[in-house]
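Quick note: numbers below take in every heavy atom, side chains included, and nothing from hydrogens, waters or symmetry partners. Naming: A, B, ... by sequence-line order, numbering from 1 per chain.
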Amino acid sequence: GAGVSQSPSNKVTEKGKDVELRCDPISGHTALYWYRQSLGQGLEFLIYFQGNSAPDKSGLPSDRFSAERTGGSVSTLTIQRTQQEDSAVYLCASSPNSGLAYTQYFGPGTRLTVL
Amino acid sequence: GQQVMQIPQYQHVQEGEDFTTYCNSSTTLSNIQWYKQRPGGHPVFLIQLVKSGEVKKQKRLTFQFGEAKKNSSLHITATQTTDVGTYFCAGPNAGNMLTFGGGTRLMVKP
């Protein structure tokens with residue numbers, strides 16, 4: 001079946017502009033996660049959605065970052081007034097509510113470059 | 001909060017040599033998962049270990065879960081260039097999420 005998809009695959013923007021990154025999780029997966037990965041670094045947790053519960057926003061680095069998940073499916077990560085330090089690959093992952101507990105399936109990521 | 005540490009951070013090996021990465025958690029884990037990220041790619045789930053002392057094999061890869069369920073290891077026998085990438089371990093935390101280790105980046109010289 002279809003995996004997690006993300007769009008765009010690459011985004012180049014100018015400092016100060018807003019950007020929106022989209023994630024389509026695997027159908028039926030109730031949990032959705034956003035991570036940030038700088039070049040050669042590990043996975044930095046940003047935000048977590050589980051079903052209809054309030055999202056866990058504890059990883060968002062500043063109030064310029066926000067995310068929504070509409071209808072329990074598609075999610076959008078918005079970065080306002082982008083800064084050069086926001087340049088990174090943004091990864092989305094989804095997880096089923098059953099089976100191998102908490103196993104995450106990652107999308108291909110969006111590479112964001114802020115000039 | 002829970003911390004998951006991995007060592008080494010980087011490892012260069014000659015093709016054919018063995019490789020091991022170690023994962024240590026500050027708390028007892030219900031399970032440990034391993035992921036592989038190829039250069040330019042995204043993390044891909046490899047395996048999950050659940051039982052204390054569990055050992056699982058996938059071809060040349062051997063995964064172990066410690067008796068105390070706080071540590072784990074991944075051993076690759078006779079590395080190949082296709083093994084290149086970053087290997088992450090991860091364990092569930094109290095918030096029903098995974099805490100990822102920092103990863104071990106494996107480089108293989110042909």
Please look at B/Q9 and chain A and tell me whether the side chain, the backbone, both or neither of the residue comes under 4.5 angstrom of a heavy atom of that chain.
neither
Should A/V89 and A/L112 be regarded as members of a common hydrophobic cluster, given that ILVMFWY residues are connected when their side-chain heavy atoms come within less than 4.5 Å of each other, either directly or indirectly?
no
Side-chain heavy atoms nearer than 4.5 Å, only ILVMFWY residues, links allowed to pass through others: does that put A/L43 and B/W34 together?
no
Between atom OG1 of B/T86 and atom CD of A/Q37, what is the distance when rounded to the nearest 0.5 Å?
7.5 Å
Ring-plane angle category for A/Y35 and B/F100, please: parallel below 30°, perpendicular beyond 60°, tilted otherwise.
perpendicular
So if you build clusters from Ile, Leu, Val, Met, Phe, Trp, Tyr with side-chain heavy-atom gaps below 4.5 Å, do A/F49 and A/Y105 land together?
no
Flag yes if more than 12 heavy atoms outside A/E68 fall under 6.0 Å of its CD atom; otherwise flag no.
no
Path from B/F45 to B/L106 over hydrophobic side-chain contacts below 4.5 Å
no
Can you tell me how far CG of B/L98 sits from CZ of A/F45, rounded to the nearest 0.5 angstrom?
11.0 Å
Taking atom OG1 of A/T103 and atom CD1 of B/I47, what is their separation to the nearest 0.5 Å?
11.0 Å
B/Y22-B/I32 co-clustered via ILVMFWY side chain contacts under 4.5 Å:
no
Among the listed options B/Q37, B/Q6, B/R105, the residue most often paired with chain A at heavy-atom distances under 4.5 Å
B/Q37
Could you measure the distance from the OG atom of A/S58 to the CE atom of B/M97? Nearest 0.5 Å is fine.
5.5 Å
